[in-house]
Amino acid sequence: MNALSIEEVKRDTEIDPGEWRGIWVFAEQRRGEIQSSTYELLGSARGLAGKLDVPVTAILLGNEVKEPGSLLSAGADEVLYVKNAALDHFGVEPYSKAIANLISERKPEVVLGAATFIGRSLLARIAIKVHAGLTADCTGLDVDTEKRLLLQTRPAFGGNIMATIICPEHRPQMATVRPKVMKPLQEPYNSKGSIHEISVDSLSNRVNFLEFVTDDTSRINIAEADVIVTGGRGLQDPKNFAIIEELAGLLGSAVGASRAAVDAGWINYSHQVGQTGRTVSPKLYIAVGVSGAIQHLVGMQSSDYIIAVNKDPNAPIFKVANIGIVGDLFEVVPKLIEELKRRKET
Amino acid sequence: MRFVVCIKQVPDTTEVRVDPETNTLIREGVPAIVNPFDLYAVEEALILKEKFGGEVTAISMGPPQAEEALREVISMGVDRAILISDKHFAGADTWATSHTLAAAIRKIGEFNIILTGKQAADGDTAQVGPGIAEFLDIPQATFVRKVDELDMEKRTIRLQSMWEEGAEILELPLPCLITTVKELNEPRLPSLRGKLTAKKAEIPVWGFDDLDVEEAQVGLAGSPTQVIKVFPPPPRTEGELFADVEPAEAAKIIADKLTEKGLL
Ligand SMILES: Cc1cc2nc3c(=O)[nH]c(=O)nc-3n(C[C@H](O)[C@H](O)[C@H](O)COP(=O)(O)OP(=O)(O)OC[C@H]3O[C@@H](n4cnc5c(N)ncnc54)[C@H](O)[C@@H]3O)c2cc1C
Ligand SMILES: Nc1ncnc2c1ncn2[C@@H]1O[C@H](COP(=O)(O)O)[C@@H](O)[C@H]1O
């Protein structure tokens, strides 16, 4: 076991990029379960590591994490597992301190994390500690192999423009990556490495974690879902949300909502898709009675496939839809439910 | 209680477009607004002040016209505002922005709670809040959707910090920083009296020489990240629009697609 020292991290201003090597992925776990976004990051990291000819390291913090070995088969050449009871539940202070110390000690050239609530809050603090640039919520990553620069592409200005960002003079090059955009490896990675446990002595945390409240557990969380059926103001009445729920039930999908539906009190905020809600990138997004205002589009337009039902042929949602149905949702959706039930039976 | 709220003036992103010729942002004629998320931060500070007393100070880093944004939050009830503006600060990324704002907050002196929006609508990074907390070495709670209790005796705040599947209930000692989401509250509209106060308010401007910062750590020079390319989002593949189909036919079209995608 290696011991990690917990002194204050020095903020280097003069760095030699040549000393920094390797790609790190922050392996996010919740209640001991490694999150799917981590496997996506490892898939993407393998591609970058091939181009840079460096190993991929997964950084795992926790105490009783289930199957840390899955990080190796998902693409890591080694796992640094900082194990401590104080790291069981996420805490931004001990996590950022432990990771910043590892970074200063081992000098990776790239550090990636998922752009989840945890990832965004955590990497933002680490980037300040190690004096690195951090690009938020990337949807594309590539490398300039000659200059060993990470080319980080992300939407900005509410998705109206894309920007490619580099970080030439600081290391590591840090980015958070939008969940569901990168693909995990199809085949298990034949990793030759292993899991290195690292112990830490004292990890102070001024924030007192009391408990976790899970929002309506019967429902699937939209950030994780492969399929989302979203209802908008076109539903007209909260009880009509039942047809969205029924459709979602048949597809085993999550239920999303436009802001108008949330503001009307038809469904709670954790279902809201869009600029003030969640950004989602499922494989399939079905929008029902949603106009597709720009603030809604920015939260869902990176979905792989979009189907929209709206009675207004000029609704902006049709600009991003792969299949657009101009029609009354109260006629189309019940028919669809019927059709799906019939197909499921046969 | 002393509250500091960080607000940013942003272009109304619904109106921003990219010039197809030059691939740059067309900013002309795009109205500037207070970052919508920052209004939840302002509102929460005002609610807490009304309950526990104290003073709310708003700060904004930006060009001279960002003063308008500060006047707007004064009209909501903010007690005082400071504009952080200097050509040295231009072109700052989140590292340099949080560094500069942290220096400004240090200069303000005593504070108990710093509030920021969850993210700015132009950059959408959600990094500046945690960045300020790190520079000031204070605890943070991000994406706060509910403040449960401010305990004046223990000097702690209990709140809900949002995650994808729910929320953590956390207790933080003061001073601390929180970033706010829409669910937290309903921002008030400016009052008539507030508008008058805002019109007359003196808004000091703090520049490079007023803050304890180095040239190499602010503005473009102090920004580790560099934007090298800006381009319009790739158009989505041409979709198919079915305008004249019977509901049953429409249902079949969708169901076929779902079958093809292996969802049934
Ligand atoms: C700062 C800011 C942030 C915002 N953030 C978000 C956000 O995060 N997420 C979000 O969604 N919005 C957001 N909005 C709001 C956004 O601008 C829109 O107001 C909202 O998305 C509209 O929701 P909607 O499409 O459900 O309702 P509407 O715009 O009212 O659209 C309803 C649609 O349903 C269709 N319809 C009606 N009846 C039927 C029927 N019987 N059959 C079929 N179709 C029917 C109508 O043709 C219409 O297109 C934000 C706005 C602002 C200013
Ligand atoms: N230039 C600025 N001046 C004041 N506050 C800012 C500035 N930039 C960002 N902030 C604050 O930090 C939050 C997050 O911004 P960002 O990290 O840029 O998405 C915003 O909601 C503001 O509260």
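Remember, it's a predicted structure, so these values are computed and weren't measured experimentally.
- Contact annotation for E249(B): neither backbone nor side-chain heavy atoms come within less than 4.5 Å of a heavy atom of chain A.
- Per-residue counts of heavy-atom pairs under 4.5 Å with chain B were compared for L123(A), L284(A), I165(A); the largest is that of I165(A).
- Of the listed residues (A127(A), A132(A), A321(A)), the greatest number of heavy-atom pairs within a distance under 4.5 Å of chain B belongs to A132(A).
- Neither the backbone nor the side chain of D148(B) comes within less than 4.5 Å of any heavy atom of chain A.
- The choice from Q301(A), Q275(A), E338(A) that makes the most heavy-atom pairs within less than 4.5 Å of chain B is Q275(A).
- Chain B forms the most heavy-atom pairs under 4.5 Å with one residue out of S303(A), A223(A), G252(A), and that residue is S303(A).
- Between A255(B) and L340(A), the shortest heavy-atom contact is CB-CD2, 3.9 Å.
- At least one side-chain heavy atom of I254(B) sits under 4.5 Å from a side-chain heavy atom of I325(A).
- In this structure, chain B has no heavy atom under 4.5 Å from any part of I126(A).
- Only the side chain of R278(A) comes within less than 4.5 Å of a heavy atom of chain B; its backbone N, CA, C and O stay farther away.
- Side-chain contact between F157(A) and V10(B) is absent, with no heavy-atom pair separated by less than 4.5 Å.
- Two residues are said to be in side-chain contact when any heavy atoms from C-beta on lie closer than 4.5 Å; I323(A) and K257(B) meet this criterion.
- The line from OG1 of T116(A) to CH2 of W163(B) is 9.0 Å long, rounded to the nearest 0.5 Å.
- Looking at D124(B) and D137(A), their side chains never come closer than 4.5 Å, going by heavy atoms from C-beta outward.
- Heavy atoms from other residues, nucleotides or ligands lying under 6.0 Å from CD of Q65(B) number more than 12.
- The closest side-chain heavy-atom distance from Q140(B) to E93(A) is not below 4.5 Å.
- Ion pairing of R30(A) with E165(B) is present here, as a side-chain N (NZ or NE/NH1/NH2) and a carboxylate O approach within less than 4.0 Å.
- The greatest number of non-hydrogen atom pairs below 4.5 Å with chain B, out of G133(A), P155(A), S253(A), is found for G133(A).
- Summarising the geometry of R206(A) relative to I138(B), their closest heavy-atom pair is NH2-C, 3.7 Å, with the distance given to 0.1 Å.
- For L134(A), the parts sitting under 4.5 Å from any heavy atom of chain B are the backbone and the side chain alike.
- Comment: K129(A) engages E134(B) in a salt bridge, judged by a side-chain N to carboxylate O separation of less than 4.0 angstrom.
- Proximity to chain B (any heavy atom under 4.5 Å) is shown, for E331(A), by both the backbone and the side chain.
- Residue E149(B) places its CD atom among more than 12 non-hydrogen atoms of other residues, nucleotides or ligands, all under 6.0 Å distant.
- Under the 4.5 Å side-chain criterion, counting only non-hydrogen atoms from C-beta, W95(B) is in contact with I128(A).
- When every heavy atom of V227(B) is checked against every heavy atom of A163(A), the shortest pair comes out as CG1-CB, 4.2 Å.
- Taking 4.0 Å as the cut-off between side-chain N and carboxylate O, K261(B) and D226(A) do not count as a salt-bridged pair.
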Fill in: Residues R343(A), T259(B); criterion side-chain hydrogen bond (donor to acceptor under 3.5 Å, both in side chains); working and verdict
CA-CA 9 Å; R343(A) 290 191 191 196; T259(B) 310; 3.2 Å; yes

Worksheet entry | Test side chain to side chain contact (heavy atoms under 4.5 Å, CB included) applied to T135(A) and T225(B), step by step | CA-CA 8 Å; T135(A) 306; T225(B) 58; 4.1 Å; yes

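- For chain B, no part of V333(A) is nearby; none of its heavy atoms comes within less than 4.5 Å.
- With a 4.5 Å cut-off on non-hydrogen atoms, T156(B) does not touch chain A at all.
- Proximity of K182(B) to Q272(A): side-chain heavy atoms (C-beta onward) are separated by under 4.5 Å at one or more points.
- Looking only at heavy-atom pairs under 4.5 Å with chain A, the residue among G239(B), A141(B), P224(B) that has the most is P224(B).
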Item to complete: Check the pair F143(B), S121(A) against side chain to side chain contact (heavy atoms under 4.5 Å, CB included), reporting the backbone distance first and the verdict last.
Response: CA-CA 9 Å; F143(B) 309 104; S121(A) 307; 3.6 Å; yes

Worksheet entry | Trace of the side chain to side chain contact (heavy atoms under 4.5 Å, CB included) decision for L258(B) with L251(A) | CA-CA 9 Å; L258(B) 299 179; L251(A) 295 171; 3.7 Å; yes

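- Of the atoms belonging to V320(A), heavy atoms from both backbone and side chain fall under 4.5 Å from chain B.
- Of the two parts of T153(A), only the side chain, counted from C-beta on, holds a non-hydrogen atom closer than 4.5 Å to a non-hydrogen atom of chain B.
- Only the side chain of K118(B) comes within contact range of chain A, judged by heavy atoms closer than 4.5 Å.
- Remark: the backbone N or O of F117(A) is paired with a side-chain donor or acceptor of E164(B) at under 3.5 angstrom.
- Only the side chain of E339(A) comes within contact range of chain B, judged by heavy atoms closer than 4.5 Å.
- Neither the backbone nor the side chain of S270(A) comes within contact range of chain B, judged by heavy atoms closer than 4.5 Å.
- Looking at V262(A), only its side chain comes within 4.5 Å of chain B, counting heavy atoms on both sides.
- Both the backbone and the side chain of F209(A) come within contact range of chain B, with heavy atoms under 4.5 Å apart.
- Contacts of L151(A) with chain B are made by side-chain atoms alone, with heavy-atom separations under 4.5 Å and no backbone atom involved.
- By the 4.5 Å heavy-atom criterion applied to side chains, F242(B) and V326(A) are not counted as neighbours.
- Contacts of A308(A) with chain B are absent, with no heavy-atom separation under 4.5 Å from either backbone or side chain.
- One N or O on the side chain of R125(A) and one on the backbone of A133(B) form a donor-acceptor pair closer than 3.5 Å.
- Rounding to the nearest 0.5 Å gives a distance of 11.5 Å between CD of E169(A) and OG of S223(B).
- Each of S98(B), S161(B), A248(B) has some count of heavy-atom pairs under 4.5 Å with chain A, and the biggest count is that of A248(B).
- The greatest number of non-hydrogen atom pairs below 4.5 Å with chain A, out of T142(B), I228(B), V181(B), L172(B), is found for I228(B).
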Worksheet item: side chain to side chain contact (heavy atoms under 4.5 Å, CB included) between E171(B) and L210(A): does it pass, once the steps are laid out?
Response: CA-CA 7 Å; E171(B) 188 180 66; L210(A) 302 173; 4.2 Å; yes

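- Interface residue D304(A): only backbone heavy atoms are found under 4.5 Å from chain B.
- Around the NZ atom of K344(A), the shell of radius 6.0 Å holds more than 12 heavy atoms that belong to other residues, nucleotides or ligands.
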